[in-house]
A.B. asks: 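First, the structure itself, so that you have it in front of you.
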Amino acid sequence: MTTPTAVSLASAPAPDLAAGLVQSVDWLAVAPPTIAAVAGLAVLVTDLFLPERKKPLLGWLAIAGLALAALSLLPLVHGDRATFCLTSDAHACSYTADTFAVVIQFLVLGGALLTALLSISGIEDLKLPAGEFWFLLLSSAAGAALLPASRDLATLVVALEVASLPAFALVGLRRGDRLSSEAALKFFLSSVTATAVMLLGVSFVYAATGSLHLSRIAGALTHVDPRLDTLARAGVVLTLVGFAFKTAAVPFHFWVPDTYVGAPVPVAAYLSVVGKAVGFSGLILVTVLAFPSYADVWGPAVAVLAALTMTAGNVAALRQRPERAFSAVRLLAWSSVAQAGYLLVPIAAAGYADSAKDASRAIGSTVAYALMYAAVNLGAFAVAALVARTSPANRITDYRGLYAARPAAALALGFFLLCLAGLPPGVIGLFAKVTVFSAAVDAGLGWLAVVMALNVVVALYYYLQWTTVLFRAPEPAAAAATGPVTRVARAAPLTVAIGLAAVLGIALSGAPQLVLRFASGSLL
């Protein structure tokens with residue numbers, strides 16, 4: 001027998017608890033990483049049914065997927081969109097497609113697209129399994145596109161690992177190659193160590209603040225319990241150490257040269273640009289959005305890392321012997337370490353900024369530099385991939401007389417190297433370095449600006465040395481062995497990639513101020 005109370009409770013409308021838990025998904029906001037992921041799955045499934053002779057179609061399917069993912073950024077340019085927000089706090093979201101996220105996603109997807117063009121004619125030469133290669137590349141690109149829009153530490157770590165785990169396999173995909181296996185192992189161990197350290201830091205931050213959302217962490221750290229202050233500071237430092245591994249900052253850079261040499265050249269190009277963009281965007285998010293109240297901890301630390309990284313990278317690049325096997329790729333690897341030091345300078349300056357606007361302007365300098373670096377560094381690796389087709393050892397001496405054999409490729413590489421050095425006609429490189437230098441001076445980091453200026457001068461030596469090699473007369477023995485360089489039919493996609501990078505670099509050099517304006521979307 002039921003009581004009146006029970007009857008009334010049974011007949012009353014049940015509270016719609018599910019309505020408070022179910023969230024609507026803004027599919028337009030999440031389209032870029034979603035399209036890349038769906039394209040990866042499509043490639044994997046299609047690979048099961050394609051005969052071996054039609055495997056090259058997978059590359060074009062991957063390129064189409066990346067192009068479609070990049071085009072999906074266009075509706076996001078003029079408005080901030082957020083999704084996966086807390087029902088109790090509409091401002092605490094896990095995914096935000098703001099200007100910063102869109103710019104980095106453009107860099108990531110554009111870099112992956114150029115990498116695909118570099119790879120499409122080289123997979124058969126390197127005897128790489130086509131289906132696995134394209135699936136891994138698209139999976140990594142999806143994670144890399146997800147990361148800059150992540151606004152909680154859980155999503156941030158997951159995106160970072162989705163971008164990193166396929167990259168391990170891409171590095172070691174050349175089966176039976178000792179260098180490739182060693183490179184993959186070193187890359188894997190260093191990245192796993194970084195992730196473990198980062199997760200420990202994230203757990204400390206969560207214990208001190210009780211939240212994983214970056215906006216809530218920032219608020220909680222302003223009035224953290226004094227008994228948890230040491231724990232919070234340790235969490236901040238450990239999280240930064242984890243990202244320092246990902247960005248190849250000294251002293252966490254030891255995996256870079258061997259990994260780049262052991263990986264296929266297009267994969268090395270991908271790691272040097274997209275992998276670096278992932279690490280730096282994550283570092284920017286945690287420092288500027290989550291830890292602004294601890295700028296006195298991470299600001300000086302990042303400044304010291306910047307000085308050490310640019311110095312160690314340039315000194316090691318100077319020591320590369322042109323006749324050594326793989327010296328061209330090694331020089332680009334050490335150059336990328338030095339460039340990481342320049343990219344760290346504005347992040348350090350953001351830690352010394354007097355206002356949120358100044359911090360946002362400093363971060364815009366890093367993003368502008370990253371856009372320049374992505375275009376010209378991918379172009380340099382594209383020419384290296386072209387030369388590797390006839391000179392697998394890829395020594396700097398193999399580039400002697402390149403202008404006589406392939407004038408367009410030599411001129412393009414010379415332009416890319418001058419951009420990296422910051423010399424005309426590479427105006428965009430000069431503009432990017434001046435922008436970063438100004439960020440350091442404006443933040444009162446005069447000593448760091450001096451260190452950067454000295455390193456820029458040092459770097460001129462090895463960039464100009466390589467540039468001069470391109471225009472020297474070829475040695476007789478080398479000239480007699482240049483018959484295979486006329487095989488250009490299968491190198492058409494590679495040539496297109498070089499042309500696209502050169503056109504982008506020239507266009508940016510013609511209007512460098514547009515880069516800074518495009519990159520200066522506010523995070524705050």
Side-chain angles (χ1 to χ4, degrees), residues 35-36 39-40 42-43 46-47 50 52-71 106-141 170 173-174 263-274 328-329 332 374-392 394 399 402 405-413 415-416 484-507:
I35 292 173
V43 166
T46 305
D47 181 49
L50 274 184
E52 193 63 33
R53 58 188 176 82
K54 292 187 177 180
K55 295 293 185 183
L57 292 175
L58 296 174
W60 296 109
L61 179 59
I63 289 174
L66 289 169
L68 186 60
L71 288 174
F106 169 77
L107 189 161
V108 164
L109 294 172
L113 184 59
L114 283 177
T115 301
L117 287 172
L118 298 186
S119 308
I120 200 164
S121 61
I123 286 181
E124 186 177 343
D125 293 341
L126 296 171
K127 296 180 174 60
L128 300 178
E132 290 91 330
F133 179 89
W134 295 115
F135 170 72
L136 291 168
L137 180 65
L138 287 164
S139 300
S140 180
L170 284 171
L173 207 54
R174 287 192 293 194
V265 175
V267 175
Y270 178 83
L271 292 176
S272 73
V273 171
V274 178
V329 176
L332 287 174
V376 300
N377 208 61
L378 278 171
F381 268 105
V383 179
L386 188 66
V387 172
R389 293 169 67 88
T390 54
S391 302
N394 221 328
Y399 291 75
L402 183 64
R406 290 177 174 171
L411 289 173
L413 180 57
F415 174 70
F416 298 141
V485 299
T486 58
R487 294 184 309 163
V488 295
R490 289 177 54 217
L494 191 54
T495 305
V496 170
I498 297 172
L500 286 175
V503 168
L504 186 58
I506 293 171

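All values below come from the heavy atoms of this structure, side chains included, with hydrogens, waters and symmetry mates left out.
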A.B. asks: Begin from the C-alpha positions of Y270 and S119 and carry the test side chain to side chain donor-acceptor pair (under 3.5 Å) through to its verdict.
C.D. replies: CA-CA 10 Å; Y270 178 83; S119 308; over 6 Å; no
A.B. asks: Check A62 against V43 and note the closest heavy-atom contact, atom names and distance.
C.D. replies: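 What the structure gives for the nearest pair is N-CG2, 4.3 Å.
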A.B. asks: Can you confirm whether P129 sits close enough to L173 that some side-chain heavy atom of one is under 4.5 Å from a side-chain heavy atom of the other?
C.D. replies: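 P129 reaches L173 side chain to side chain.
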A.B. asks: Would you say that F133 contacts V267 through its side chain, given a criterion of any heavy-atom pair below 4.5 Å between the two side chains?
C.D. replies: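 Yes - at least one pair of side-chain heavy atoms lies under 4.5 Å apart.
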A.B. asks: Kindly say whether A388 contributes a backbone atom to a donor-acceptor pair with the side chain of S391 at under 3.5 angstrom?
C.D. replies: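 Side chain of S391 to backbone of A388, a donor-acceptor pair under 3.5 Å: no, none is there.
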A.B. asks: Quick one: CG on L402 to CG on L386, what's the gap to the nearest 0.5 Å?
C.D. replies: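 Reported value, rounded in 0.5 Å steps: 8.0 Å.
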A.B. asks: Under the side chain to side chain contact (heavy atoms under 4.5 Å, CB included) rule, collect the residues that match up with A268, sequence neighbours excluded.
C.D. replies: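 Checked A268 against side chain to side chain contact (heavy atoms under 4.5 Å, CB included); matches are Y260, F381.
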A.B. asks: Specify the closest pair of heavy atoms between A116 and L66, including all atoms of both residues, with the distance to one decimal.
C.D. replies: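 Of all heavy-atom pairs spanning A116 and L66, the closest is CB-CD1, 4.2 Å.
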A.B. asks: Please round to the nearest 0.5 Å and tell me the distance separating atom CG of L137 and atom CG of L170.
C.D. replies: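 It is 6.0 Å, given to the nearest 0.5 Å.
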A.B. asks: Report the residues that fulfil side chain to side chain contact (heavy atoms under 4.5 Å, CB included) with L500, sequence neighbours left out, ordered by chain and then residue number.
C.D. replies: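 Testing L500 for side chain to side chain contact (heavy atoms under 4.5 Å, CB included), a comparison that skips the adjacent residues, returns L114, L117, V496.
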A.B. asks: Locate the shortest heavy-atom distance separating L113 from A67; write the atom from each residue and the value.
C.D. replies: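 Closest heavy-atom pair between L113 and A67: CD1-N, 4.3 Å.
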A.B. asks: Heavy atoms only: give me the nearest L504-A375 pair and the separation to one decimal.
C.D. replies: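 Where L504 meets A375 most closely, the heavy atoms are CD2-CB, 3.6 Å.
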A.B. asks: The criterion is side chain to side chain donor-acceptor pair (under 3.5 Å); which residues satisfy it with T115, sequence neighbours excluded?
C.D. replies: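 Partners of T115 by the side chain to side chain donor-acceptor pair (under 3.5 Å) criterion come out as none, since no residue qualifies.
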A.B. asks: Within the distance-only criterion (no hydrogens, no angle test), does the side chain of S272 pair as donor or acceptor with the backbone N or O of A269 below 3.5 angstrom?
C.D. replies: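 Yes, S272 side chain to A269 backbone: donor-acceptor pair under 3.5 Å.
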A.B. asks: Are the side chain of N394 and the backbone of A384 linked by a donor-acceptor contact shorter than 3.5 Å?
C.D. replies: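 Side chain of N394 to backbone of A384: a pair is present.
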A.B. asks: Identify the heavy atoms of A380 and L332 that sit nearest to each other, and give their distance.
C.D. replies: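 A380 and L332 have their closest heavy atoms at CB-CD2, 4.1 Å.
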A.B. asks: Once side chain to side chain contact (heavy atoms under 4.5 Å, CB included) is applied, do any residues pair with L57, and if so which ones, sequence neighbours excluded?
C.D. replies: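 Once residues adjacent in sequence are excluded, the partners of L57 under the side chain to side chain contact (heavy atoms under 4.5 Å, CB included) criterion are L50, K54.
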A.B. asks: Taking all non-hydrogen atoms of both residues into account, name the closest pair between I120 and G59 and its distance.
C.D. replies: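 Looks like CD1-C, 3.8 Å.
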A.B. asks: With rounding to the nearest 0.5 angstrom, report the CG to CD1 distance, L378 to I498.
C.D. replies: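 One finds 11.5 Å between CG of L378 and CD1 of I498.
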A.B. asks: Rounded to the nearest 0.5 Å, what separation is found between the OG1 atom of T495 and the CG atom of L118?
C.D. replies: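 If I round to the nearest 0.5 Å, the distance is 10.5 Å.
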A.B. asks: I'd like to check the side chain to side chain contact (heavy atoms under 4.5 Å, CB included) partners of A502; sequence neighbours left out, ordered by chain and number.
C.D. replies: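 Only F416 meet the side chain to side chain contact (heavy atoms under 4.5 Å, CB included) criterion with A502.
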A.B. asks: For Y399, check ring pair (Phe, Tyr, Trp, His ring centres under 6.0 Å) against everything at least two apart and list the hits.
C.D. replies: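 Checked Y399 against ring pair (Phe, Tyr, Trp, His ring centres under 6.0 Å); matches are W466.
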A.B. asks: Roughly how far, to the nearest 0.5 Å, is the CD1 atom of I63 from the CH2 atom of W134?
C.D. replies: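 Going from CH2 on W134 over to CD1 on I63, the span is 5.5 Å.
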